[in-house]
Undergrad: 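Before I ask anything, here is the structure I am working with.
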Amino acid sequence: MISLEHVNKFFGEHHVLKDVSLNVNEGEKIVIIGPSGSGKSTLIRCINRLEKVSDGHIFVDGIDITEPKAPVQEVRQKVAMVFQNFNLYAHKTIIQNLTLAPIKVKGVSKEEATKTGMEYLERVGLADKAHAYPSQLSGGQQQRVAIARALNMHPEIILFDEPTSALDPEMIQEVLDVMIDLSKQNITMICVTHEMGFARQVADQVIFMDDGQIIETGTPEHFFTNTQNERAKEFLSKII
Ligand code: ATP
Ligand code: MG
């Protein structure tokens, strides 16, 4: 489903992804952990071409998205992303936030986009907020809207970049619950998150990154019980 082959990424002189290779199968749930600045965001931003790689290849559903002529719009329809800071459109209502991209990018009718949008709002427990504006919602509610908005594009892959790290502690679980619910579907998920309880519950693979490299890959259980890598051990001791 997703395959990274010897990906390198430079920002100027700064080498931020160093020969990263990774395979993610359809329906797999991946959690990426690692210290600040290790390249986690850059890695997932390369997967939907928010960033261009400097060298190497990334295949999404068989399409090499690093090719200059890659059909970026087609790829973006398959790959949705949820950010740390929600990134909702402040001047649109919640339901308009959900319907905008399906109508504009996918050419879905307004009726259809609204119908499925309301179903996703229902699913994240926010149907009653359809006509509210983002500023009228709590952080946790805004993030649940952001997830519903991503789902309303019917993506095959959903990328999460620290979706709960901007939230007050009491709101974290409500967002994780939506993600756990989503993980029961056959959707491919790649989540940058340090919520190890979540990782334990849903992750097929946990990937530990440090200094632009994938240092260790394993099941959540492996990371909890027999990580050999000193850097991974030290990092885990700080977040668990
Ligand atoms: P965090 O946990 O703090 O979110 P991260 O693992 O997501 O960190 P990245 O945001 O991927 O790390 O950043 C990796 C490195 O690339 C950092 O040193 C960062 O300063 C640098 N970097 C990221 N984006 C840019 C950019 N647009 N221009 C220049 N340097 C960048
Ligand atoms: Mg980041």
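Atoms within each ligand, like the ligands themselves, are counted from 1 in listed order. Computed from heavy atoms alone, side chains included, the values below leave out hydrogens, waters and symmetry copies.
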Undergrad: For the residue pair D55 / H6, report whether a side-chain donor-acceptor contact shorter than 3.5 Å exists.
TA: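 Not at all, the side chains of H6 and D55 share no donor-acceptor pair under 3.5 Å.
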Undergrad: Near the Mg ion (ligand 2), is there an N/O/S atom from S41 that is less than 2.8 Å away?
TA: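 It does: S41 brings an N, O or S atom closer than 2.8 Å to the Mg ion (ligand 2).
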Undergrad: Can you confirm if the aromatic rings of H194 and F235 lie within a centre distance of less than 6.0 Å?
TA: yes
Undergrad: Any non-hydrogen atom of R45 lying under 4.0 Å from ligand 1?
TA: no
Undergrad: Considering K40, H15, H14, K9, which one's heavy-atom position lies nearest to atom 20 (O) of ligand 1?
TA: H14
Undergrad: Going from CD on Q142 to CE on M171, what distance comes out if it is rounded to the nearest 0.5 angstrom?
TA: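 These two atoms lie 9.5 Å from each other.
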Undergrad: Which value, rounded to the nearest 0.5 Å, describes the distance between N97 atom CG and Y133 atom OH?
TA: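 The distance works out to 10.0 Å.
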Undergrad: What residue and atom, counting heavy atoms only, is the protein's closest point to atom 3 (O) of ligand 1, and at what distance?
TA: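 Result for atom 3 (O) of ligand 1: S36 OG, 2.6 Å.
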Undergrad: Considering both backbone and side-chain atoms of G37, is one of its nitrogen or oxygen atoms within less than 3.5 Å of a nitrogen or oxygen in ligand 1?
TA: yes
Undergrad: Considering all protein heavy atoms, does one lie under 4.0 Å from atom 14 (C) of ligand 1?
TA: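 Within 4.0 Å: yes, protein heavy atom nearby.
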Undergrad: Hey, what do you get for CG (N229) to OG1 (T227), rounding to the nearest 0.5 Å?
TA: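 Atom-to-atom, N229:CG and T227:OG1 are 8.0 Å apart.
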Undergrad: For P35, counting its heavy atoms only, list the atoms of ligand 1 lying under 4.0 Å from any of them.
TA: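 Heavy-atom distances to P35 below 4.0 Å select 6 (O).
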Undergrad: If you measure from OG1 on T42 to CE on M209, what distance do you get to the nearest 0.5 Å?
TA: 8.0 Å
Undergrad: Looking only at distance, does G34 have an N or O less than 3.5 Å from an N or O of ligand 1?
TA: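 For ligand 1, there is no N or O atom that lies under 3.5 Å from one belonging to G34.
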Undergrad: Begin from the C-alpha positions of D61 and K78 and carry the test salt bridge (Lys or Arg N to Asp or Glu O under 4.0 Å) through to its verdict.
TA: CA-CA 9 Å; D61 232 2; K78 295 175 195 273; 3.1 Å; yes
Undergrad: Applying a strict 4.0 Å limit to heavy atoms, is G12 in contact with ligand 1?
TA: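 False for this residue.
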Undergrad: What's the verdict on side-chain contact (heavy atoms from CB on, under 4.5 Å) for I214 and F208, showing C-alpha distance, side-chain angles and the deciding distance?
TA: CA-CA 6 Å; I214 294 178; F208 175 69; over 6 Å; no
Undergrad: Heavy-atom contacts under 4.0 Å between M209 and ligand 1: side chain, backbone, both, or neither?
TA: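 M209 to ligand 1: no contact under 4.0 Å from either part.
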Undergrad: Between L17, T42, I32, D211, which one has a non-hydrogen atom sitting closest to atom 9 (P) of ligand 1?
TA: T42
Undergrad: Considering only the protein, which heavy-atom contact is closest to atom 7 (O) of ligand 1, and what is its distance?
TA: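 So the nearest neighbour among protein heavy atoms is S41 OG, 2.8 Å.
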